[in-house]
Asks: 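This is the structure I have questions about; it appears just below.
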Amino acid sequence: MNIRPNNILSVLLLLMLLSLQSFAQQKSFEARVDSILSLMTLEEKAGQLNQLSSGLGMGPVIGQDDLAAQKKLVREGKVGSLFNAIGAGLTGELQKVAVEESRLKIPLIFGQDVIHGFKTIFPIPLAEASSWDLKAVELSAKIAAKEASASGLHWTFAPMVDIARDPRWGRIAEGSGEDTYLGSLMAAARVKGFQGDLKNTSNILACTKHYAAYGGAEAGRDYNTVDMTERTLRGVYLPPYKATVDAGVRSFMCSFNELDGIPSSANKWLLDDVLRNEWKFDGMIVSDWNSVGELVTHGVASDLSEAAVLALNAGVDMDMESRAYIGNIVQLVKDGKLSVAVVDEAVKRILRMKFEYGLFDDPYRNCDKNREKTDVLSKENKDAALDVARKSVVLLKNENHLLPLKKDLKKIALIGPLANNYTDMLGSWTCMGDSSNVVPLLEGIKNKVNASTEIIYTKGCEIKGTDKEGFKEAIDVANKSDVVILALGESGWMSGEAESRSSLDLPGVQEDLAKEIFKTGKPVVVVLMNGRPLSIGWIAENIPAVVEGWFLGIQAGNALADVLFGDYNPGGKLPATFPRTVGQVPIHYNHKNTGRPANDLVKWNSKYNDLPIGPLYPFGYGLSYTTFEYSKPVLSSGKIKADEKLKVTIEVKNTGNYDGEEVVQLYIRDLVASVTRPVKELKGFSKIFLKKGESKSVEFQLGKDELSFYDKNMKWTVEPGKFKVFVGTNSEDVQEADFEVVE
Ligand code: NOJ
C-alpha cells in the first residue's frame, strides 16, 4: 500500500473515532452500572458477589429439586454467577429466572473450566506449549471458546499461567512449563484466543489463574505453602500474569496458596497494589473454590465472617463456593466491620464485566440450541486439534534413524496400557470431552499403515499396579513382530489438580515390561503419554527411539501415527526440564551459577555425588527427523547503550533428508550484575520451516525489555556490563557470542 499523508490522516482519524467510541461506551456502562447499583439492596449486592457450582450440566448427579433450589436462589437475587451449569437449554432456563423473575433482572454469568477444549479436546496445555507455536495455541483457545459459547457459557477459568519448576506438582500439566518468557507468550496467546472480540458470540471471557505463584508449592505438593523472595516472584513467576493483563484479560482468579505468610485471597499487596495499581488491571477477581473459606484453615481468620472481611478488603470481588460473602456481608456492614464502599466496588466490577460481555443487552446471547448442535466437533475443529497435536509431539531419541517407520512393515506389535486407550488421551480437565470421540494410538496406526501390515495389539499391564500376568503374551507378540511400539505413561488424571506425585518414574510395572520387551532384541519405539516430565533414565539409555506424546486430546492416535510413520516430521521442544531422578527437583535450566558451579573433576562444588551433572533432557530439547546446522551468531555491534537495540543474526541450514520445522532459541546471560543472574534466560525464539537443503537467516532483536532485571534496589533496569548471547536448538546445545552494554 502507498502510505500518503492523506491515508495517514484517515487512519489517525479512524483510530481517534474508535477510541472515542470505546470511551463513550465505557462511560455509558459506568452510568448504567451506577444506576443499577443505586437500586440494589445490601442483600442483592452480596448476591452479586456469590458464585456457586451448579453441577447441573455435569450429568445426572443432581436432580430436579436442586434445579428448583438453584432457581430459588437466583430468583431471590442471591447468586451472581453459576459454574458447572452447561448447555444452551439449562443456562437459558436459569437465565430466564434471573432476568424475568428476580427483582432487578440482573443477568447471571456462567463460568466453566474450559482448559484445553470443550468438546473437541485439544492437547493438554503443557503439550501445546511444546509446540512453541503461538498461532496454533491461540486457535486452540478460540475453538474452545466457540464450542463453549455454543453451550451457553460466557466465561472460562483459563488460562492457567503458573510457572512450574517441579514436576511432582500435577498442575504442571495445565500450564506452559518452567519458563517465564515462553509462559508469558503462551498466556497472552490463550487470552487472545478465548476473548478475541467479546462482541462476537463465539468468544468468551478469560480468567488468568492462579494468582499468584501457585506453582511454587513446597515439595511439589498441591495447595502447599509458597515462600520466595520478591525478586524471584517478580522476575520469574509474575510476568506471565502480567502478560495476560497486557493482552486484555477481563478477570483473574486468586490462588489457594499463601505467599510470605499471606494467603492470596487475603493478599491486598498482590491483588490491589500489584495487580490493580501497578499493572492497571481493571477487571474483576474471583476467588478459587472455597479459597475465601480456607482463610480460616490457613489460620488468618477465625471464622467465615472474618474471612469475608479479609478477602473483600484485599480485593477479591467474587466468592467461589465458600458462601462467606453471602452469609456475612449484610451483618458485617450493619456492625460497621465492613465498609459498604468496598462492597460497592466489588459489585461494580462484576456488573461491568456483565455489561462488557453484552449480557444486559442480550442475556441469552449464548443460548442458541441450534448452534449448540452444529458448532461443535466440526471437521474444522478436529483438523485444528490434529494440527496442534502433531506440533506438540517431542522426539526425545532416535538412534540409527529407527523412526520414521515404514508403512509396509509386515508385523507391528503394539503393546502397553496406553496403546488402545481412549479416556486417558483427554488428559485432566476433560470438560465436555467424550472418550468416544478419541482416536487412540491403535486406530491411528491402523489408519496409517498399508492394508497388508498386521498389527498385533496387547496391553501387557495396567498403568498402575503390580500385575505382570500380561507380560508373557506381550513378549510373544513382540517376538512375532518386525518392530514394537510400546505406549507407556500415566493415566490422564495422574496429573492436574490434587495429583502430586513423590516419584517421577513410570507408574506400576511399566518399566519392567519395557525391560522384558527390550530383551527380545526387537527394535522398540517407546511412545510416552504423561502430564509431567518423567524420570525415564533406563528407557532413555536403552530404548532406541522415544517419543514424548503427552496427552494429545481426541486426535492423539492420528497425530502420533503421523509422526511415527513420517507423514509429519516432529518439531516440538520441551517446555520443562526432564530430570534424571526425582531427587533433582526443583530443576530448571535458568538456575543461578552459584559460587561453585557443578564440575565433575573437582569435589567441592554444587552437584550430587551419585548422579551425572545436569538433566536427562534439557528445556527446549527436541529432535527432528532431519538435522539443522547453526552458524555462529552475528551481532550488529559488540557494544550497545542501554536504550539501544542489538540485532542478532544466525544462519540455520537443514542438513538432513527431510523437510522440517525448527524452533530457533535465543538465550542471554548477564555476566556481572548487582544481583546474581541466571546462567541462561530465554529471550526469543522463532519457529521456522526449512526444506531439505534450505538455509534461512533468522534475526532477533535484544533491547531494554530483554536485558532488564530487578537490580539490588528492586528497580527494573539494564545494568551496563558484559553479556553473552546464545542461539541454538535447545537450552544446552548453543552457539555463543559476546557483547557489552555501555554507559
Ligand atoms: C479449583 C481449581 O484450582 C481451579 O483451577 C478451578 O478453576 C476451580 N476449582 C473451579 O473448578
Side-chain angles (χ1 to χ4, degrees), residues 50-59 61-62 79-86 109-118 124-126 141 144-145 148 151 153-164 169-176 187 190-191 194 204-217 220-226 240-241 244 249-259 263-265 283-295 297-298 311 316-324 427-433 493 495-500 531:
N50 189 30
Q51 184 185 55
L52 297 177
S53 167
S54 153
L56 290 168
M58 310 300 284
V61 193
I62 299 174
V79 48
S81 169
L82 285 170
F83 67 112
N84 292 338
I86 304 179
I109 186 157
F110 293 100
Q112 188 62 33
D113 289 288
V114 184
I115 308 296
H116 54 110
F118 182 70
I124 57 168
L126 186 66
S151 274
L153 299 174
H154 307 139
W155 182 20
T156 176
F157 305 132
M160 188 281 218
V161 308
D162 305 319
I163 294 292
W169 190 58
R171 301 200 84 169
I172 193 172
E174 294 174 50
S176 296
R190 291 198 166 103
V191 169
F194 286 128
I204 56 179
L205 294 149
C207 179
T208 301
K209 71 187 189 187
H210 308 83
Y211 186 71
Y214 180 41
R221 201 151 48 77
D222 206 3
Y223 317 117
N224 204 6
T225 308
V226 177
Y241 305 104
T244 65
V249 76
R250 301 312 301 139
S251 69
F252 258 65
M253 182 185 292
C254 57
S255 54
F256 287 120
N257 58 284
E258 67 163 83
L259 187 62
S264 300
S265 305
M284 64 80 79
I285 300 173
V286 62
S287 78
D288 203 341
W289 183 299
N290 193 36
S291 69
V292 176
E294 287 168 24
L295 294 176
T297 339
H298 272 290
V316 181
D317 302 316
M318 188 173 262
D319 172 10
M320 180 191 282
E321 268 293 333
S322 75
R323 296 160 168 86
S428 71
W429 292 115
T430 52
C431 205
M432 296 305 276
W493 263 108
S495 51
E497 189 176 351
E499 291 293 342
S500 297

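Side chains included, hydrogens not; waters and symmetry mates left out as well; all remaining heavy atoms used. Values in this document were obtained by computation on a predicted structure and should not be read as measured data. For ligands, and for the atoms within them, numbers begin at 1 and follow the listed sequence.
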Asks: Does the side chain of M284 come within less than 4.5 Å of R250's, by heavy atoms?
Replies: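 When only atoms from C-beta onward are counted, M284 and R250 do not touch, as no gap falls below 4.5 Å.
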Asks: Under a 4.0 angstrom heavy-atom cut-off, which atoms of ligand 1 come close to F157?
Replies: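 Per the distance check, 7 (O).
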Asks: Kindly indicate whether the side chain of M320, heavy atoms from C-beta on, has any atom under 4.5 Å from the side chain of F157.
Replies: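 Touching, per the 4.5 Å side-chain cut-off.
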Asks: Using a 4.0 Å cutoff against the non-hydrogen atoms of E497, which atoms of ligand 1 qualify?
Replies: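 Those of ligand 1 that fall under 4.0 Å from E497 are 1 (C), 2 (C), 3 (O).
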Asks: Would you mind running through ligand 1 and noting each atom that sits below 4.0 Å from a heavy atom of F256?
Replies: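 The list of qualifying atoms is 1 (C), 3 (O).
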Asks: Got an N/O contact under 3.5 Å between R171 and ligand 1?
Replies: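 It does: an N or O of R171 is found under 3.5 Å from an N or O of ligand 1.
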Asks: Going by side-chain hydrogen bond (donor to acceptor under 3.5 Å, both in side chains), K209 matches just one of D288, D162, D113, T244. Which one?
Replies: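 The passing option is D113.
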Asks: Please identify which atoms of ligand 1 are closer than 4.0 Å to at least one heavy atom of F83.
Replies: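 Result: 10 (C), 11 (O).
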Asks: What protein heavy atom sits nearest atom 11 (O) of ligand 1, and how far away is it?
Replies: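 I find the closest protein heavy atom is D113 OD2, 2.4 Å.
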Asks: Please confirm whether K209 comes within less than 3.5 Å of ligand 1 when only nitrogen or oxygen atoms on both sides are compared.
Replies: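 N/O-N/O distance below 3.5 Å exists for this pair.
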Asks: Give the atom numbers and elements of ligand 1 that come within less than 4.0 Å of a heavy atom of D288.
Replies: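 Near D288, meaning under 4.0 Å from one of its heavy atoms, ligand 1 has 1 (C), 2 (C), 3 (O), 4 (C), 6 (C), 8 (C), 9 (N).
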Asks: Does a side chain donor of either D319 or Q51 reach within less than 3.5 Å of an acceptor in the other side chain?
Replies: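 Result is no, nothing qualifies.
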Asks: Looking at side-chain heavy atoms only, is the closest gap between W155 and V286 below 4.5 Å?
Replies: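 The answer is yes; the side chains approach within 4.5 Å.
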Asks: Would H210 count as a polar contact of ligand 1, with the cut-off being nitrogen or oxygen pairs under 3.5 Å?
Replies: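 H210 vs ligand 1: N/O contact under 3.5 Å present.
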Asks: So, is Y214 polar-close to ligand 1, with some N/O to N/O distance under 3.5 Å?
Replies: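 Among all N and O atoms of Y214, none is under 3.5 Å from an N or O of ligand 1.
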Asks: Decide if the gap between the ring center of F83 and the ring center of W289 is smaller than 6.0 angstrom.
Replies: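 Centroid separation for F83 and W289: below 6.0 Å.
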Asks: Between S251 (side chain only) and I285 (backbone N and O only), is there a donor and an acceptor less than 3.5 Å apart?
Replies: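 Here the side-chain-to-backbone pair does not exist.
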